[in-house]
Asker: 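Please read through the structure below; I'll follow up with questions.
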Amino acid sequence: MDTRPIGIFDSGIGGLTVANAIRKALPNESLVYFGDTAHLPYGDKSPELIRHYSARIAHFLLQHNCKMVVIACNTASSHAHETVDAVAGPDIPVVNVIDPVVEEIVLRHTKKKVGIIGTKGTIDSKVYPKRIKKLNKQARVSSLATPLLAPMIEEGFVSNSISKTVINSYLEKPILKGVQAIVLGCTHYPLIKKQVSAYYGKEVAILDSPSLVAKEVKQLLAVNDLAASSHHEPTFHFMVSDKTDSFERSTRLFFKERISLEEVKMWDSPRPI
Ligand code: DGL
């Protein structure tokens with residue numbers, strides 16, 4: 001039995017969708033969450049900068065005695081998984097939000113044409129098609145960057161005429177024509193799962209990461225003998241690098257309850273060259 005917390009990070013508060021799924025699947029586990037709101041969005045930053053931010057955050061989570069690191073951000077998972085792995089070392093498992101979804105596709109949606117939507121960073125990295133095709137050479141994968149979606153969702157625009165127009169105008173793009181499964185490859189997109197599903201109808205499978213990642217976390221804790229006991233009273237600690245009322249209000253959208261955020265001035269020292 002290991003009562004140390006699970007560390008989770010994202011560019012901001014969107015990763016709370018993943019934190020919420022982990023909390024539900026593992027109600028005895030303590031969580032330390034870090035949202036890098038000072039640098040949000042990661043979706044259009046360079047891979048080098050994302051690796052730099054992610055390494056620093058991984059160190060921070062280890063300083064908080066985390067027994068596992070979950071990269072809840074798709075963009076950081078795309079560019080910085082190996083960096084975070086290197087910081088964590090062999091004893092701290094690292095989970096990213098891409099591999100559990102890739103495994104699900106390869107396992108259950110083998111013959112389908114798969115569409116991926118996400119930030120520019122995630123889509124430009126080609127991480128999803130590369131990893132899917134590594135496991136299944138015949139796979140058909142089409143990707144589309146949908147950068148308007150994250151800020152729109154963060155402002156609470158998920159089920160009105162504006163969000164419908166934006167969502168549909170992306171999904172109508174010829175590149176996504178004929179998809180039979182679609183990956184919601186961004187922390188924010190689980191909030192528009194219903195709307196995407198309404199656009200496609202029942203025939204198209206909609207995949208998002210939170211529940212698949214929570215399942216992976218549960219398995220890894222068990223395999224590595226890192227789980228807390230069923231009597232453990234968990235603690236939750238939510239930190240951000242820049243706190244505003246608006247971020248705190250938006251936590252309700254992603255975590256299904258409003259939570260208090262603590263500001264940590266992580267970036268006072270200049271960026272190393
Ligand atoms: N968390 C990011 C992701 O999942 C979306 C927001 C951002 O661009 O920072 O890719």
Side-chain angles (χ1 to χ4, degrees), residues 1-36 42 50-104 127 131 185-187 190 208-241 251 254-255 259 261-262 264 266:
M1 124 147 189
D2 192 326
T3 55
R4 288 178 298 163
I6 297 171
I8 304 171
F9 80 91
D10 177 39
S11 55
I13 50 170
L16 288 169
T17 51
V18 175
N20 190 35
I22 294 175
R23 166 179 76 151
K24 280 197 185 135
L26 295 157
N28 298 104
E29 296 295 341
S30 294
L31 306 180
V32 169
Y33 181 92
F34 184 82
D36 192 11
Y42 277 12
I50 289 166
R51 282 194 275 275
H52 167 69
Y53 294 153
S54 301
R56 176 73 188 86
I57 297 166
H59 276 294
F60 175 81
L61 293 174
L62 298 183
Q63 280 161 5
H64 278 75
N65 201 25
C66 291
K67 60 184 173 187
M68 174 184 274
V69 175
V70 179
I71 311 174
C73 175
N74 273 263
T75 312
S77 294
S78 303
H79 296 307
H81 185 199
E82 281 159 19
T83 308
V84 174
D85 250 345
V87 172
D91 297 331
I92 305 289
V94 176
V95 174
N96 69 82
V97 287
I98 292 168
D99 288 325
V101 175
V102 166
E103 279 155 28
E104 180 78 1
V127 63
R131 289 194 195 167
C186 173
T187 46
D208 61 2
S209 34
S211 56
L212 295 170
V213 171
K215 208 165 117 195
E216 171 86 0
V217 168
K218 193 172 181 173
Q219 255 167 23
L220 274 179
L221 288 181
V223 169
N224 292 286
D225 208 11
L226 289 172
S229 86
S230 55
H231 305 297
H232 179 242
E233 268 304 313
T235 57
F236 300 107
H237 205 168
F238 299 98
M239 290 172 275
V240 287
S241 48
T251 57
F254 299 99
F255 202 65
I259 48 186
L261 299 173
E262 183 192 325
V264 175
M266 184 187 281

Asker: Considering residues at least two apart in sequence or located in another chain, which fulfil the side chain to side chain contact (heavy atoms under 4.5 Å, CB included) criterion with T83?
Answerer: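 Result, side chain to side chain contact (heavy atoms under 4.5 Å, CB included) vs T83: R51, A55, A80.
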
Asker: Could you state the interatomic distance from CG (L26) to NE2 (H232), rounded to the nearest 0.5 Å?
Answerer: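 Here the rounded value is 12.5 Å.
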
Asker: Who pairs with N65 by side chain to side chain contact (heavy atoms under 4.5 Å, CB included), at least two apart in sequence or on another chain?
Answerer: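 Applying side chain to side chain contact (heavy atoms under 4.5 Å, CB included) to N65 gives R4.
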
Asker: Are I13 and T187 packed together at the side-chain level, in the sense that at least one heavy-atom pair is separated by less than 4.5 angstrom?
Answerer: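 Not in contact.
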
Asker: A side-chain contact here means heavy atoms from C-beta on lying under 4.5 Å apart; do P93 and V223 qualify?
Answerer: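 Not touching, per the 4.5 Å side-chain cut-off.
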
Asker: I'd like to know if the side chain of S77 reaches the main chain of I71, judged simply by a donor and an acceptor atom lying under 3.5 Å from each other, with no hydrogens or angles considered.
Answerer: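 Checked: pair present.
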
Asker: Quick one: closest heavy-atom pair of A21 and A214, and the distance?
Answerer: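 Heavy atoms only, the tightest pair is O-CB, 3.6 Å.
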
Asker: For residues 62-100, pull every pair meeting ring pair (Phe, Tyr, Trp, His ring centres under 6.0 Å), keeping only residues two or more places apart or in separate chains.
Answerer: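 Residue pairs with at least one partner in residues 62-100: F60-H64.
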
Asker: Taking ring-ring contact (aromatic ring centres under 6.0 Å, His included) as the test, write out the residues that go with F9, two or more places apart.
Answerer: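 Once residues adjacent in sequence are excluded, F9 has no partner under the ring-ring contact (aromatic ring centres under 6.0 Å, His included) criterion.
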
Asker: Just grab all the salt bridge (Lys or Arg N to Asp or Glu O under 4.0 Å) pairs involving residues 218-228, residues at least two apart or on different chains.
Answerer: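 Sorted pair list comes back empty.
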
Asker: Applying side chain to side chain contact (heavy atoms under 4.5 Å, CB included), can you list everything that pairs with T235, at least two apart in sequence or on another chain?
Answerer: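 Partners of T235 by the side chain to side chain contact (heavy atoms under 4.5 Å, CB included) criterion, ordered by chain and then number, come out as S30.
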
Asker: Taking atom OG of S54 and atom CG of D85, what is their separation to the nearest 0.5 Å?
Answerer: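 So the OG of S54 and the CG of D85 are separated by 12.0 Å.
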
Asker: Which pairs pass salt bridge (Lys or Arg N to Asp or Glu O under 4.0 Å) with one or both residues in residues 87-104, sequence neighbours excluded?
Answerer: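 Counting only pairs at least two positions apart or across chains, the salt bridge (Lys or Arg N to Asp or Glu O under 4.0 Å) contacts touching residues 87-104 are D99-R131, E104-R108.
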
Asker: Determine, step by step, whether V95 and I6 satisfy the side chain to side chain contact (heavy atoms under 4.5 Å, CB included) criterion, reporting the C-alpha distance in whole Å, the side-chain angles of both residues, the deciding distance to 0.1 Å, and the verdict.
Answerer: CA-CA 11 Å; V95 174; I6 297 171; over 6 Å; no

Asker: NE2/H52 to CD1/I57 distance, rounded to the nearest 0.5 angstrom?
Answerer: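 Rounded to the nearest 0.5 Å, the NE2-CD1 separation comes to 9.5 Å.
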
Asker: Might you point out which heavy atoms bring V97 and A72 nearest each other, and give the distance in Å?
Answerer: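 Nearest heavy atoms, V97 then A72: CG1-O, 3.5 Å.
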
Asker: Within the distance-only criterion (no hydrogens, no angle test), does the side chain of S78 pair as donor or acceptor with the backbone N or O of V127 below 3.5 angstrom?
Answerer: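 Absent.
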
Asker: Could you work out, with side chain to side chain donor-acceptor pair (under 3.5 Å) as the rule, every residue matching S11, not counting sequence neighbours?
Answerer: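 Side chain to side chain donor-acceptor pair (under 3.5 Å) check on S11 returns nothing, list empty.
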
Asker: Once side chain to side chain contact (heavy atoms under 4.5 Å, CB included) is applied, do any residues pair with N20, and if so which ones, sequence neighbours excluded?
Answerer: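 R23, K24, F255, K256.
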
Asker: Can you tell me how far CG of D208 sits from OG1 of T17, rounded to the nearest 0.5 angstrom?
Answerer: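 Rounded to the nearest 0.5 Å, the OG1-CG separation comes to 8.0 Å.
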
Asker: Run the side chain to side chain donor-acceptor pair (under 3.5 Å) test against H237 and tell me which residues pass, sequence neighbours left out.
Answerer: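 For H237 the side chain to side chain donor-acceptor pair (under 3.5 Å) partners, ignoring immediate neighbours, are E262.
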
Asker: Within a strict 4.5 Å, meaning less than it, do heavy atoms of the F238 and T251 side chains meet?
Answerer: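 Heavy-atom side-chain distance check fails, nothing below 4.5 Å.
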
Asker: Might you point out which heavy atoms bring A19 and L31 nearest each other, and give the distance in Å?
Answerer: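 The pair with the smallest heavy-atom distance is O-CD1, 3.8 Å.
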
Asker: With a 4.5 Å limit on heavy-atom distance, are the side chains of D10 and V18 in contact?
Answerer: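 Of all side-chain heavy-atom pairs linking V18 with D10, none is under 4.5 Å.
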
Asker: Can you confirm whether V84 sits close enough to N96 that some side-chain heavy atom of one is under 4.5 Å from a side-chain heavy atom of the other?
Answerer: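 Not in contact.
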
Asker: CZ/R56 to CG/L61 distance, rounded to the nearest 0.5 angstrom?
Answerer: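 Atom-to-atom, R56:CZ and L61:CG are 10.0 Å apart.
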
Asker: Considering residues, nucleotides and ligands other than Q63, do more than 12 of their heavy atoms fall under 6.0 Å from its CD?
Answerer: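 Result for CD/Q63: enclosed.
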
Asker: Can you pull out every salt bridge (Lys or Arg N to Asp or Glu O under 4.0 Å) where at least one residue sits in residues 64-75? Sequence neighbours excluded, please.
Answerer: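 As it turns out, the salt bridge (Lys or Arg N to Asp or Glu O under 4.0 Å) pairs with a partner in residues 64-75, which skip direct neighbours, are E29-K67.
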
Asker: Could you go step by step and tell me if S209 and N74 meet the side chain to side chain contact (heavy atoms under 4.5 Å, CB included) rule?
Answerer: CA-CA 9 Å; S209 34; N74 273 263; 4.3 Å; yes

Asker: Taking only residues two or more places apart in sequence, or in another chain, which ones meet Y42 in a side chain to side chain donor-acceptor pair (under 3.5 Å)?
Answerer: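 Partners of Y42 under the side chain to side chain donor-acceptor pair (under 3.5 Å) test: D36.
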
Asker: What I'd like to find out is whether the side chain of L16 reaches to under 4.5 Å of the side chain of I259, using heavy atoms alone.
Answerer: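 In short, these two side chains touch, coming nearer than 4.5 Å.
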
Asker: Just how far is it from atom OG1 of T75 to atom CD1 of I98, taken to the nearest 0.5 Å?
Answerer: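 Here the rounded value is 8.0 Å.
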
